[in-house]
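For reference, the structure discussed in these notes is given below.
Order of appearance sets the numbers: ligands from 1, and atoms from 1 within every ligand. Heavy atoms only: backbone and side chains are in, while hydrogens, waters and symmetry mates are out.
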Amino acid sequence: RAKNEGRNQFSFYTPEMQTQYARKLTLANALRHALERNELQLHYQPQLSINTGHIIGVEALLRWYHPELGMVSPAEFIPIAESNGLIIAIGEWVLRTAAQQLKYWIVSGFKPMVMAVNLSAVQFRQSNLPELITSILDEVELPHQYFELELTEAVAMDNPLTAIVVMDKLHDQGIRMAIDDFGTGYSSLSYLKKFNVYKLKIDQSFVRDIIVDLEDRAIVTAIINLASNLGLQTIAEGVETAEQLDFLRSQGCNEAQGYYFSKPLTAAQFEDYARAMK
Ligand code: C2E
Ligand code: MG
Ligand code: MG
Ligand code: MG
């Protein structure tokens, strides 16, 4: 072992680290071809009004099915796409595909709703992002008010001055912003006040134990009150039970999303879900 360490400069890598590194390399190489090989898909998770129970939107969630590796989670491949720049092309594909899908649903007679699309940190730093989004929406002929962009609190707060400028531009173009994973990102309230946002998405880590954990209950209640006092909407993510929904309703949360209503669905599955809701 010692002899081996002497020879191998990289012996501080444990076997697990080598396996992880090898997987990252494999994924990074395979991801280069994922778009052209049609391995990417969007799934759609309904967002419901807590008051009316109606579908008011869907969140587009990216899926990657690799023929040999199987389903790879966005939590695993998006950081890779961010580090090698592929996220720019992938992100643009997501924006266009989501816009086209919603346009198709509206034209086919589904009730108007909002399409929420996740933005990565790298996309958010692209200086032409507002123009790119406008050009995609115009190309698809989707009115801007049907589009909502989700940006995590951590990314927004990482560079708040840029965030203010970009959010103002998007707002001027009639595009809504939601702060995703709210409560996990060390928000500075003085910046939150300056962000031109429409909605706070309460992170699912607070929703999970809302029934049993008094601190999580207090945090969720505080976020809902804060949002309400700032004139913002709230949506709870990761709602899995009727009890969680009841608590959120009692605190005045506006919207909910989670397995209690539906998992993320293929476009065809979502159409069945929306029809069955009527
Ligand atoms: P997110 O935007 O916070 O999305 C919520 C995640 O929670 C999704 O995981 C969703 O499937 C999952 N989820 C929804 N309801 C429930 C529930 O009731 N219980 C539990 N346990 N989980 C629930 P998913 O699809 O694996 O996505 C993970 C993350 O990957 C997303 O977190 C988002 O940050 C990122 N992501 C997904 N699609 C995109 C995309 O198109 N672009 C970018 N930049 N990021 C994306
Ligand atoms: Mg999201
Ligand atoms: Mg989230
Ligand atoms: Mg998340």
Side-chain angles (χ1 to χ4, degrees), residues 27 31 34-35 39-48 57-65 70-102 114-126 129 132-133 136 147-156 158 176-185 187 197-211 220 223 234-245 248 255-266 269-270 273:
L27 291 180
L31 199 53
L35 264 181
E39 292 167 4
L40 299 181
Q41 246 190 51
L42 289 182
H43 283 193
Y44 303 93
Q45 189 175 36
Q47 302 180 325
L48 288 90
V58 283
E59 178 177 4
L61 292 159
L62 189 55
R63 298 291 177 256
W64 178 22
Y65 297 97
M71 221 287 275
V72 187
S73 158
E76 186 177 17
F77 74 81
I78 284 177
I80 296 173
E82 287 188 312
S83 66
N84 64 15
L86 283 172
I87 192 67
I88 298 293
I90 292 175
E92 189 173 333
W93 178 87
V94 169
L95 289 163
R96 183 171 286 105
T97 305
Q100 286 168 341
Q101 183 63 67
L102 183 59
V114 165
M115 176 63 73
V117 177
N118 292 284
L119 280 184
S120 97
V122 175
Q123 281 177 290
F124 197 66
R125 276 191 252 112
Q126 262 186 293
L129 181 75
L132 173 70
I133 292 171
I136 289 173
F147 225 55
E148 186 171 283
L149 298 171
E150 297 192 359
L151 185 72
T152 66
E153 184 190 15
V155 171
D158 190 45
R176 292 186 190 173
M177 289 285 314
I179 305 275
D180 205 349
D181 302 350
F182 191 82
T184 61
S187 238
V197 296
Y198 179 78
K199 196 187 279 188
L200 301 183
K201 284 197 91 168
I202 303 168
D203 191 65
Q204 52 184 280
S205 63
F206 302 115
V207 175
R208 191 175 307 128
D209 297 324
I210 217 175
I211 298 307
V220 168
I223 294 174
T234 40
I235 181 166
E237 57 179 22
V239 176
E240 296 186 355
T241 69
E243 291 75 22
Q244 292 169 335
L245 182 63
L248 291 161
E255 299 166 12
Q257 176 183 349
Y259 298 167
Y260 178 64
F261 303 103
S262 171
K263 298 206 165 194
L265 303 169
T266 63
Q269 288 169 334
F270 176 77
Y273 180 87

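Between atom 44 (N) of ligand 1 and the options A75, S120, A98, the minimum heavy-atom separation is to S120.
Listed by atom number, the atoms of ligand 1 under 4.0 Å from V239 heavy atoms are 18 (O). Set against the non-hydrogen atoms of G258, the atoms of ligand 1 under 4.0 Å away are 15 (N), 18 (O). Taking every non-hydrogen atom of I78 and a distance limit under 4.0 Å, the qualifying atoms of ligand 1 come out as 36 (N), 39 (C), 40 (C), 42 (N), 43 (C), 45 (N), 46 (C). The contact set between ligand 1 and V94, taken as ligand atoms under 4.0 Å from a residue heavy atom, comprises 41 (O). Heavy-atom proximity to E240, at under 4.0 Å, picks out these atoms of ligand 1: 17 (C), 18 (O), 19 (N), 20 (C), 21 (N). Which parts of ligand 1 touch L119 is read off a 4.0 Å heavy-atom cut-off, strictly below it: atoms 44 (N).
The two residues F270 and V58 make their nearest non-hydrogen contact at CE1-CG1, 3.3 Å. Across all their heavy atoms, F261 and A256 have their closest contact at CE1-CB, 3.6 Å. Here the shortest heavy-atom pairing between R63 and P264 reads NH2-CG, 3.6 Å.
E59 contributes atom OE2 as its closest N/O/S atom to the Mg ion (ligand 2). E150 contributes atom OE1 as its closest N/O/S atom to the Mg ion (ligand 2). The minimum distance between the Mg ion (ligand 2) and any N, O or S atom of D180 involves atom OD2.
The parts of L62 lying near ligand 1 are both backbone and side chain, judged by heavy-atom distances below 4.0 Å. When heavy-atom distances to ligand 1 are checked against a 4.0 Å cut-off, Q45 comes that close only through its side chain, counted from C-beta outward. Residue contacts with ligand 1, taken as heavy atom pairs separated by less than 4.0 Å, involve Q204 solely via side-chain atoms from C-beta onward. Only side-chain heavy atoms of D180 come within less than 4.0 Å of ligand 1; its backbone N, CA, C and O stay farther off. Residue contacts with ligand 1, taken as heavy atom pairs separated by less than 4.0 Å, involve D181 solely via side-chain atoms from C-beta onward. When heavy-atom distances to ligand 1 are checked against a 4.0 Å cut-off, K263 has no atom that comes that close, whether in backbone or side chain.
Between the side chain of E153 and the backbone N or O of G183 there is at least one donor-acceptor pair closer than 3.5 Å. In terms of modelled atom types and a separation under 3.5 Å, the side chain of T97 and the main chain of V94 share no donor-acceptor contact.
Using a 4.0 angstrom heavy-atom cutoff, R63 counts as in contact with ligand 1. Residue E59 places a heavy atom under 4.0 Å from ligand 1.
Geometrically, ligand 1 and Y260 share no nitrogen or oxygen pair separated by less than 3.5 Å. Among the atoms of Y259, some N or O lies under 3.5 angstrom from an N or O of ligand 1.
The CD atom of Q101 lies 8.5 Å from the CG atom of L42; values are rounded to the nearest 0.5 Å.
Residues L40 and W64 meet the side-chain proximity criterion, which asks for heavy atoms closer than 4.5 Å. You'll find the side chain of T152 stays beyond 4.5 Å of the side chain of T184, heavy atoms only. In this structure the side chain of K199 reaches within 4.5 angstrom of the side chain of Q47, judged on heavy atoms. For the pair M177 and Y198, the minimum side-chain heavy-atom distance is 4.5 Å or more.
Inclusion of D181 in the first shell of the Mg ion (ligand 3) is supported: an N, O or S atom falls under 2.8 Å. Among the atoms of T152, no N, O or S atom is found under 2.8 Å from the Mg ion (ligand 2).
In the model, Q41 has a side-chain atom that pairs as donor or acceptor with a side-chain atom of H43 under 3.5 Å.
K201 has no carboxylate O lying under 4.0 Å from a charged side-chain N of E148, or vice versa, which leaves the two without a salt bridge.
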Derivation of the side-chain contact (heavy atoms from CB on, under 4.5 Å) call for L119 and V155: CA-CA 10 Å; L119 280 184; V155 171; over 6 Å; no

